[in-house]
Amino acid sequence: ARPDGGLQIFHTDRLDGRLPEQEWQMTAASADGITATASRSVIDTRPPLPGFGQDLRDPYVFKGPDGLWKMLLGGADATAALVLMYETAQPDATGGWRFAGVLHREPLERAVPAECPCLIALEEDGLYALVFGLVGHQSPVLGKLNPSLALVGRFDGQSFTTVARREVDFIGDCYALQSFAWQGRPTAIAWAANWAYVRRTHDFPSCMTFARRLVWQGGTLHMPHVETLQSLRAGEIPADLTEGAVLTDGLAELVLDFSTPGPFRLLLDHPETPLTLSYDKGELELTGNWPRPLARSIRHMVQTDAPKHLTLHIDVGLIEVCVDQGRLNGTKRIDTDQPFTRLTLQTAPDTRAA
C-alpha cells in the first residue's frame, strides 16, 4: 500500500528464449485499485551467483525489521532451489533495488526453482514463516509432485535461520501460498491446484483455498482455517455418519472430535472420483481412483500420531482437510463439475468420534 492510499504492484514479466534474461521484475502503480500505470522494469539482470539459471520470478515485497523494503524472488543454481532477497532504501520502493543475498538454499538432487516465496512475522517469539514451492520436484519417497515447504526461523533483515520446517500440505494441491497480515495477524491463502495436473486448455481448472492463520504452537507451525468460515454455515445436516450422510448440493463442513483416537476410514462418494481419507498404523492418507497421470506411484500420505480433531471442508471438486487445529493440512482438487454425494465414517470398535 502506498502512503497516498494507492497500490504499488510488483510482477514478473517473461519472454521464453529472450537474451540475456527471459524473466525480469516490473512495477506499476494504481490509485484506485482498478486502473494502473504502465509497468516499468526495476530488476532486469540475474544475481551474480555461480551457476544461476534463467528462472527469477514471483516478487514478494515487504518491510523488513531494519526498515528497508525487501523483495523475495525464486530461482535455482545447479544444486539447489534458492530464495533470493533484494532490498531498497527508497521509501516508495519504486527503484534502487540491489541484490542482498541468498535468504535460503534448499539442496536438491536435481535443482529446480523455488517459486512464490513469502516471509511473514508470526505473533510468537519473534519468529518468521518462510514458504515456497518446488516446481518440477518429485519427492523421492512418496512420489509427491511440486511440494511446498514452510520454514519457521529468525530473520534480522539480512539472514534467515531455520528452527523448524513442515510440508505445507500432505496431499499436495495447495500451491503458491501467499501470506499477509489480516486483522493484525499472519494469514495466508493459496492456489488450490498442482502444476502436475492442470490442463491449460481446460477452462476453470482450479480455484483458491480458504484462508488460513499461521500460528506457532508447541514447536510446530499450525495452519488453522480463519474463524470467519463459521459464518458460512447454513445449518446442520442431521445424519448418523456411520450410516452415511447425504450431501444434497455437495457442500459441507465436517467436524470430528475423536475422544478415543485410533484407526478410521472416511468415505467420500463421488460419481467420478470417490475418495477415502484414512488413518491406520501411524499413516494418514488420502486415496482415490486417480486418473492418469495421478495413477503413478504417488502417495498422498503423512506419518503422524492419530488425529484428535479433524475438520473437512467439502466443495464441488475440492476438499480441504485440517487436522488438530492446523497441525496438518491437506487439499485435493478434482477436475469435475460433479459434487460429492455422501459421507460415511468407519471406525475401529475402540475408536470413538463425535
Side-chain angles (χ1 to χ4, degrees), residues 1-12 25-27 29 42-43 47-49 56-75 80-106 113-133 148-166 168 176-190 211-224 226 326:
R2 295 165 55 94
D4 60 6
L7 299 174
Q8 193 69 38
I9 304 156
F10 296 87
H11 65 96
T12 299
Q25 315 315 311
M26 307 282 282
T27 190
V42 290
I43 298 175
L49 297 172
L56 184 65
R57 57 178 171 270
D58 306 332
Y60 178 84
V61 177
F62 65 102
K63 184 68 70 71
D66 54 6
L68 299 180
W69 287 106
K70 313 289 181 178
M71 180 190 294
L72 300 189
L73 292 169
L82 304 178
V83 177
L84 311 168
M85 187 171 72
Y86 288 71
E87 63 184 15
T88 181
Q90 290 194 10
D92 60 3
T94 59
W97 289 97
R98 69 173 190 87
F99 179 57
V102 176
L103 191 66
H104 176 72
R105 180 182 184 86
E106 187 70 23
E115 279 197 331
C116 303
C118 66
L119 182 72
I120 192 166
L122 302 178
E123 295 180 277
E124 301 82 8
D125 301 327
L127 295 172
Y128 283 74
L130 173 65
V131 184
F132 55 92
S148 293
L149 299 177
L151 281 55
V152 175
R154 304 197 180 278
F155 176 64
D156 61 6
Q158 293 299 315
S159 62
F160 179 85
T161 304
T162 303
V163 300
R165 57 191 284 148
R166 62 163 281 186
V168 170
L177 185 139
Q178 293 291 283
S179 57
F180 51 93
W182 181 59
Q183 297 180 340
R185 302 178 62 190
T187 309
I189 191 170
R212 306 172 180 182
R213 300 287 192 189
L214 301 178
V215 180
W216 178 249
Q217 180 180 330
T220 304
L221 181 64
H222 287 57
M223 297 184 183
V226 294

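Just so you know, these numbers use all the heavy atoms, side chains as well, and skip hydrogens, waters and symmetry mates.
With rounding to the nearest 0.5 Å, the separation of CD in Glu115 from OG1 in Thr12 is 10.0 Å. Taking CG of Leu68 as the reference point, atom CE of Met85 lies at 9.0 Å (rounded to 0.5 Å). The distance from atom CG of Leu82 to atom CG of Leu73, rounded to the nearest 0.5 Å, is 11.5 Å. One distance of note links OH of Tyr60 with SG of Cys116; it measures 12.0 Å at 0.5 Å rounding. Interatomic distance, Tyr128 OH to Ile120 CD1, rounded to the nearest 0.5 Å: 9.5 Å. Note that SG of Cys118 is 8.0 Å distant from CG of Leu72, once rounded to the nearest 0.5 Å.
Side-chain contact between Phe155 and Leu130: absent, with no pair of heavy atoms (C-beta onward) separated by less than 4.5 Å. Within the 4.5 Å cutoff, the side chain of Leu214 has heavy atoms near those of the Leu221 side chain. Counting only heavy atoms from C-beta outward, the side chains of Pro59 and Thr27 never approach each other to under 4.5 Å. Contact of the Leu177 side chain with the Ile189 side chain is not registered, since no non-hydrogen atoms from C-beta on lie closer than 4.5 Å. Looking at heavy atoms from C-beta onward, Tyr86 lies out of side-chain contact with Thr88 at the 4.5 angstrom threshold. Side chains of Glu87 and Met71 form no contact here, defined as non-hydrogen atoms less than 4.5 Å apart. Residues Glu123 and Arg185 meet the side-chain proximity criterion, which asks for heavy atoms closer than 4.5 Å.
Contact between Phe160 and Val152 at its shortest, heavy atoms only, is CZ-C, 3.8 Å. Across every non-hydrogen atom of Gly133 and Ser148, the tightest pair is CA-OG, 3.7 Å. The two residues Gln158 and Asp66 come nearest to each other via the heavy atoms NE2-OD2, 3.6 Å. Of all heavy-atom pairs between Ser159 and Leu103, the closest is C-CD1, 4.1 Å. Of all the heavy atoms in Trp69 and Pro91, the pair that sits closest is NE1-O, 2.9 Å. Shown here for Gln90 and Gly96, the closest heavy-atom pair between the two residues is NE2-N, 3.6 Å.
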- request: Before giving the answer on side-chain contact (heavy atoms from CB on, under 4.5 Å), spell out for Val226 and Trp182 the whole-Å C-alpha distance, their side-chain angles and the decisive distance to 0.1 Å.
  value: CA-CA 10 Å; Val226 294; Trp182 181 59; 4.2 Å; yes
message: One pair to check against side-chain contact (heavy atoms from CB on, under 4.5 Å): Leu149 and Arg166. What are the steps and the verdict?
response: CA-CA 6 Å; Leu149 299 177; Arg166 62 163 281 186; over 6 Å; no
query: Stepwise, does the side-chain contact (heavy atoms from CB on, under 4.5 Å) test hold for Val168 with Val131?
result: CA-CA 8 Å; Val168 170; Val131 184; 3.9 Å; yes
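Under 3.5 Å, the side chains of Thr161 and Arg154 contain no donor-acceptor pair of N or O atoms. With hydrogens and angles left out, the side-chain atoms of Glu124 and Gln217 include no donor and acceptor closer than 3.5 Å.
Considering Ile43, Val61, Thr94 in turn, Val61 is the only one that fulfils the side chain to side chain contact (heavy atoms under 4.5 Å, CB included) rule with Phe10.
Of the possible donor and acceptor atoms, one in the side chain of Lys70 sits under 3.5 Å from a partner among the backbone N and O of Gly157. No donor-acceptor distance shorter than 3.5 angstrom exists from the side chain of Trp216 to the backbone of His222, with no hydrogens or angles considered. With His11 contributing its side chain and Ile9 its backbone, the two residues share no donor-acceptor pair below 3.5 Å. Side chain of Asp4 to main chain of Gly6: a donor-acceptor pair is present (N/O by atom type, distance under 3.5 Å, no hydrogens or angles).
Ring-plane geometry between His104 and Phe132 is classed as tilted, the angle between the planes lying from 30 to 60 degrees on a 0 to 90 degree scale.
Taking the charged nitrogens against the carboxylate oxygens, Glu106 and Arg165 do have a contact shorter than 4.0 Å, which makes a salt bridge.
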